[in-house]
Protein chains: 4
Amino acid sequence: MVVIIRDGAGEEAIRAVIARLESFGLRAELVGGGRRRLIAAIGDAGRLDTELLRAMEGVEDVRRVSEPYPLCGRHAHPDDTVLKLGGVRIGGGQFAMIAGPCAVESREQILSLAPRLKAAGAQILRGGAFKPRSSPYAFQGRGAEALGWLAEAGKAAGLPTVSEILSPEQLPLFEQIDLLQIGARSMQNTELLKAVGGAGKPVLLKRSPAGTLRELLLAAEYLMAGSCGEIILCERGVRGFETETRFTLDLSAVPVLKEKTHLPVIVDPSHATGCVRFVRPMALAAAAAGADGLMLEVHPDPQNALSDGAQALRPEQFESLCAELRRVREALEAKA
Amino acid sequence: MVVIIRDGAGEEAIRAVIARLESFGLRAELVGGGRRRLIAAIGDAGRLDTELLRAMEGVEDVRRVSEPYPLCGRHAHPDDTVLKLGGVRIGGGQFAMIAGPCAVESREQILSLAPRLKAAGAQILRGGAFKPRSSPYAFQGRGAEALGWLAEAGKAAGLPTVSEILSPEQLPLFEQIDLLQIGARSMQNTELLKAVGGAGKPVLLKRSPAGTLRELLLAAEYLMAGSCGEIILCERGVRGFETETRFTLDLSAVPVLKEKTHLPVIVDPSHATGCVRFVRPMALAAAAAGADGLMLEVHPDPQNALSDGAQALRPEQFESLCAELRRVREALEAKA
Amino acid sequence: MVVIIRDGAGEEAIRAVIARLESFGLRAELVGGGRRRLIAAIGDAGRLDTELLRAMEGVEDVRRVSEPYPLCGRHAHPDDTVLKLGGVRIGGGQFAMIAGPCAVESREQILSLAPRLKAAGAQILRGGAFKPRSSPYAFQGRGAEALGWLAEAGKAAGLPTVSEILSPEQLPLFEQIDLLQIGARSMQNTELLKAVGGAGKPVLLKRSPAGTLRELLLAAEYLMAGSCGEIILCERGVRGFETETRFTLDLSAVPVLKEKTHLPVIVDPSHATGCVRFVRPMALAAAAAGADGLMLEVHPDPQNALSDGAQALRPEQFESLCAELRRVREALEAKA
Amino acid sequence: MVVIIRDGAGEEAIRAVIARLESFGLRAELVGGGRRRLIAAIGDAGRLDTELLRAMEGVEDVRRVSEPYPLCGRHAHPDDTVLKLGGVRIGGGQFAMIAGPCAVESREQILSLAPRLKAAGAQILRGGAFKPRSSPYAFQGRGAEALGWLAEAGKAAGLPTVSEILSPEQLPLFEQIDLLQIGARSMQNTELLKAVGGAGKPVLLKRSPAGTLRELLLAAEYLMAGSCGEIILCERGVRGFETETRFTLDLSAVPVLKEKTHLPVIVDPSHATGCVRFVRPMALAAAAAGADGLMLEVHPDPQNALSDGAQALRPEQFESLCAELRRVREALEAKA
């Protein structure tokens with residue numbers, strides 16, 4: 001059972017609710033922080049009258065947890081959540097293109113690339129500043145400086161920005177970034193989820209290569225159990241036995257997630273396939289499968305990229321793909 | 001090294017080639033049968049002059065096996081192979097819809113269903129007669145009788161037919177069936193591959209749930225090392241850790257295979273997802289990914305199907321999906 | 001519900017049982033063959049009185065199928081099944097060593113190897129005659145001739161023999177072989193399971209690389225639904241993402257299977273790891289995990305083996321491993 | 001190429017080395033911190049004379065990175081690393097038992113359990129204080145308070161302690177804990193690896209469920225590229241398709257890792273199997289496979305555990321398992 005605490009409820013009221021739950025033999029724990037707090041009551045709640053509980057001071061709502069993710073589940077919120085980032089909308093039929101280099105390599109790179117991407121069809125500008133690499137000897141990103149360059153380029157081009165955050169301490173550095181990315185390696189970094197969930201910014205949450213869809217939704221639930229209501233989920237390939245692609249892109253995740261949750265779902269075919277020749281077909285496939293958007297790596301000079309050059313599109317390839325995607329999406333919408 | 005034997009070459013000529021290969025320390029083995037025979041020569045063939053070999057009686061061609069599947073590899077045959085089944089073409093830009101029930105349950109069922117499927121957009125009629133089920137207590141198909149009903153229904157409706165063959169002894173029963181299906185469980189059934197490869201019919205070869213793409217192509221190579229040149233490859237989901245879908249549909253297999261082989265590649269989203277609600281989005285995604293066709297389960301009354309009802313489309317759902325697929329494919333072709 | 005038919009029951013009696021089942025709205029199907037026949041009754045059997053059914057002519061027993069494998073499940077047969085092959089016993093605390101070359105390469109090879117293996121500790125002699133290889137150009141085994149050599153070597157050395165059978169037509173060739181192996185690629189070859197299940201010989205059934213334990217037990221159930229009661233299950237590695245070993249040896253399968261079934265469970269660390277350096281530790285681990293035996297590849301000259309030389313032990317390595325295994329097993333038995 | 005910087009080298013000397021590397025067209029980056037710093041030089045280092053570089057001020061050593069983990073690779077350090085924790089040794093033939101509850105639930109619990117575990121055979125006391133749970137509504141651990149109870153119990157019983165750390169900010173709370181655990185979900189949390197690598201404490205690093213062995217070793221390399229030389233690797237199950245166990249315990253990882261690295265390797269069968277009935281056989285198997293120790297969950301009252309009760313041994317089961325393990329290890333050592 002989950003008791004949702006009213007915004008601004010006093011500590012005494014909360015303690016009274018916890019005492020009531022414990023008097024029924026339940027173990028009650030206050031979770032979340034920031035603007036949204038919950039009490040998770042674990043144990044057999046069958047004998048407990050939820051109406052009595054709902055009537056208590058400081059209680060906004062009471063939900064029996066039949067499903068493990070009461071906040072991000074479709075059941076709780078039948079309509080699609082539509083995120084707004086500046087003038088861009090994602091979800092509920094609004095398709096969004098997120099594009100940019102794997103890593104922001106220099107101020108010049110991103111300042112000159114951003115307007116080209118916008119002209120080609122990008123709506124959100126991506127660029128890594130802190131890169132969580134498998135090897136300690138691989139390029140780790142340009143850090144805080146790169147975040148500044150990204151924000152500057154986004155503002156100049158009129159594009160909202162997204163970049164990956166690796167730890168709670170980095171939060172202040174992301175003030176100018178519009179959308180916080182929690183990467184695949186961090187999907188179950190609970191400390192990061194809690195901190196980012198309370199940061200008041202929309203979040204792009206990527207699925208871990210070993211993460212089930214249930215675990216992805218539970219990670220989103222961590223964010224929502226904080227005060228974060230604006231979350232984009234991103235499928236980016238799971239670990240499988242096939243070695244021809246870097247990961248196995250699980251596109252069925254799109255319709256499964258769209259059924260289970262009201263949150264928008266996008267796809268990153270660049271990391272999934274690891275190979276630029278397969279990015280275009282899988283991007284088109286993701287759109288046809290019903291994704292709410294795409295996240296693509298685009299680099300002005302892939303052969304000299306400091307990271308992941310093998311999977312980056314050139315700007316002109318991106319432009320041509322955007323045109324194809326528009327045609328496919330129009331074909332799908334013509335249905336109604 | 002592979003030595004391709006000329007059609008009609010005498011046994012003595014072949015023995016001479018083998019002796020020549022063995023004199024260079026190679027182990028030579030005659031493989032294949034039917035119309036195409038090869039000698040596989042294993043060992044260090046570096047010192048051997050291929051021109052001398054090519055000059056020998058009975059030798060059609062000599063190929064160094066840099067790639068493990070010299071016959072089905074794209075390298076050997078840069079153009080797409082286009083299959084012709086009656087008036088239907090698959091491959092090289094020709095998209096084919098294969099549809100029908102998981103199992104042919106009765107003569108009436110398939111006779112009444114076939115014309116509805118054709119009207120809706122099907123080009124090839126599928127229907128199982130011998131069903132390889134996980135449990136010995138599950139419905140195993142109507143057998144030889146069902147093959148007759150399927151052939152009759154196909155002829156009446158003007159649709160070529162496809163059905164799964166489980167063992168070499170069943171070959172005579174499939175005389176009236178146009179396309180022999182080797183199912184996912186049989187992908188590495190080498191005895192079946194050898195027999196079907198020599199049977200003179202086109203083959204639909206499904207990927208095993210644990211099969212790498214390399215193994216799928218090697219299975220196709222078994223067929224081509226027989227006399228079979230008309231093969232359709234089919235991705236139908238691999239075994240992964242996600243339990244929301246029955247298998248994990250590996251759509252990236254489509255562009256990877258299209259690059260590696262000249263053979264057409266289709267997708268079966270019905271078995272992959274195991275759930276009718278996910279068949280439509282994954283069918284559209286497969287078309288967008290560049291597949292040469294789809295194989296879909298359609299049943300007039302899915303709730304009472306004897307097998308796999310949960311994943312079967314109703315005929316009207318199939319019709320509407322065909323219309324959507326046409327629009328998506330037109331959108332993709334508009335590109336040029 | 002499963003109705004077990006009495007040995008020798010007449011066709012009329014069987015038809016009467018089927019009619020009774022159908023009169024309750026169930027779909028009844030006769031399965032099996034050889035000495036054991038069953039009627040699988042599918043549908044809601046709740047209203048049916050099993051005692052009435054049990055009283056019918058030709059009925060030996062009636063079992064409600066709460067579990068999907070009523071014959072090989074531990075529930076049906078709480079005691080361990082102990083196989084006897086000549087003087088060798090497997091199961092119920094009797095540990096068996098199966099050893100020999102991947103492929104029988106020549107008469108001399110197997111005749112000289114067999115007594116060395118026996119002296120070192122082998123109790124059953126293995127050797128492949130028909131090799132189901134991924135590539136059509138790889139060595140496919142010496143065929144029927146090799147079966148003769150294997151049987152001869154086994155007899156000379158006083159060792160029962162095991163070899164892999166690939167298709168029902170090969171059955172007559174295996175007359176002199178004591179234990180029929182159904183390989184990993186054939187675990188769901190239902191035609192082969194049916195034929196071998198009715199052949200009157202004990203069977204060694206290997207788990208498919210994509211096979212769940214449930215599917216392995218259902219494959220065993222196919223054999224038992226024939227007349228085969230003597231089955232050894234073999235874990236030999238599943239397909240996983242790790243590439244340092246050829247497959248991922250799932251040793252937890254041993255205690256899980258021992259709990260679910262009464263059949264003996266052995267392990268093949270040679271194929272699982274694909275690397276001789278890892279065979280010894282995984283063989284010891286399998287014994288410690290409670291396996292009823294091991295299947296190991298041993299070759300007199302692994303560097304010149306025609307197949308799988310990288311994973312074969314030399315005879316002296318096998319002998320030293322047998323000694324270690326005895327010590328580990330004594331240490332485990334000292335417990336009681 | 002990796003240039004290892006001498007302890008205490010000045011910034012100017014380091015800049016000179018970087019300039020030299022860059023003059024050869026390499027991209028040079030200073031990594032690590034704490035007591036060990038390295039310069040990773042990426043690019044074609046073929047033309048560069050390592051001897052010249054080795055002669056520069058501030059340079060301790062220069063290594064060509066033929067393998068991706070030069071510090072934790074066996075090549076760099078042929079002898080086993082042996083960790084010392086108080087009087088306990090792990091690695092190089094010294095086997096260590098780590099045991100305790102999943103979560104420290106109360107001061108009384110851990111104070112009364114610790115001496116029982118020591119008497120039964122435990123050498124290191126484990127207990128979770130911060131629990132990274134999949135669901136935000138699950139018990140998250142007793143936090144800092146529990147760390148104090150664990151340290152107190154360890155001291156009273158004479159057992160070194162280990163507990164999982166989730167973020168760099170928690171480091172000060174772990175001052176009294178002897179061994180820092182980086183959990184499976186954090187294996188690629190690069191910020192945590194960098195912080196813990198510089199903390200001057202030994203580390204227990206668990207493999208991620210989707211982590212290849214190469215990635216595990218690269219994560220250990222992050223720690224060693226800091227100043228951490230005392231690392232224990234832990235296999236705890238990978239994500240596979242089999243659902244009878246929670247994860248698929250990849251025991252082959254033990255011999256593979258022992259070959260590739262000098263670091264000790266232990267196994268956690270509790271989390272891998274998720275089921276107490278399978279813990280004993282897999283613990284014995286791990287020891288037989290050559291593991292340097294085990295990590296086991298033991299709880300005085302598993303049925304009322306706040307987390308993971310299903311996989312916890314009772315103290316008397318643990319004691320009996322320790323006795324069995326001793327016998328198996330003696331049997332294995334008797335070999336020499």
Asker: Just do the side-chain contact (heavy atoms from CB on, under 4.5 Å) check on A/R239 and D/T212 with the steps written out, would you?
Answerer: CA-CA 10 Å; A/R239 199 124 236 177; D/T212 60; 4.0 Å; yes
Asker: Identify which part of D/E191 has an atom lying under 4.5 Å from any heavy atom of chain A, answering side chain, backbone, both or neither.
Answerer: side chain
Asker: Please classify the contact of D/F130 with chain A as side chain, backbone, both or neither, using a heavy-atom distance under 4.5 Å.
Answerer: neither
Asker: Under 4.5 Å heavy-atom distance to chain D, tell me which part of A/L306 shows up: side chain, backbone, both or neither.
Answerer: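 Backbone plus side chain of A/L306, per the 4.5 Å heavy-atom cut-off to chain D.
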Asker: Is a side-chain N or O of D/R185 found less than 3.5 angstrom from the main chain of A/N189, in a donor-acceptor match?
Answerer: no
Asker: Report which part of A/R133 has an atom under 4.5 Å of a heavy atom belonging to chain D: side chain, backbone, both, or neither.
Answerer: both
Asker: Are side-chain heavy atoms of D/S135 and A/E221 found at a separation under 4.5 Å?
Answerer: no
Asker: With respect to chain D, which residue among A/L218, A/L166, A/L192 yields the maximal number of heavy-atom pairs within a distance under 4.5 Å?
Answerer: A/L218
Asker: If you measure from CD on A/Q188 to OG on D/S134, what distance do you get to the nearest 0.5 Å?
Answerer: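 The CD atom of A/Q188 sits 4.5 Å away from the OG atom of D/S134.
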Asker: Can you list everything that forms a salt bridge (charged side-chain N to carboxylate O under 4.0 Å, His left out) with A/R54? Sequence neighbours excluded, please.
Answerer: A/E51, A/D61
Asker: Go through the atoms of A/S186 and report whether side chain, backbone, both or neither lie under 4.5 Å from a heavy atom of chain D.
Answerer: neither
Asker: Rounded to the nearest 0.5 Å, how far does CD1 of D/I39 lie from OH of A/Y137?
Answerer: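 If I round to the nearest 0.5 Å, the distance is 12.5 Å.
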Asker: Could you tell me which portion of D/Q170 (side chain, backbone, both or neither) has an atom closer than 4.5 angstrom to a non-hydrogen atom of chain A?
Answerer: side chain
Asker: For the interface with chain D, which of A/Y222, A/F139, A/F241 has the highest count of heavy-atom pairs at distances below 4.5 Å?
Answerer: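 Top count of heavy-atom pairs under 4.5 Å with chain D: A/Y222.
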Asker: Counting only non-hydrogen atoms closer than 4.5 Å, does D/E215 touch chain A with its backbone (N, CA, C, O), its side chain (CB onward), both, or neither?
Answerer: side chain
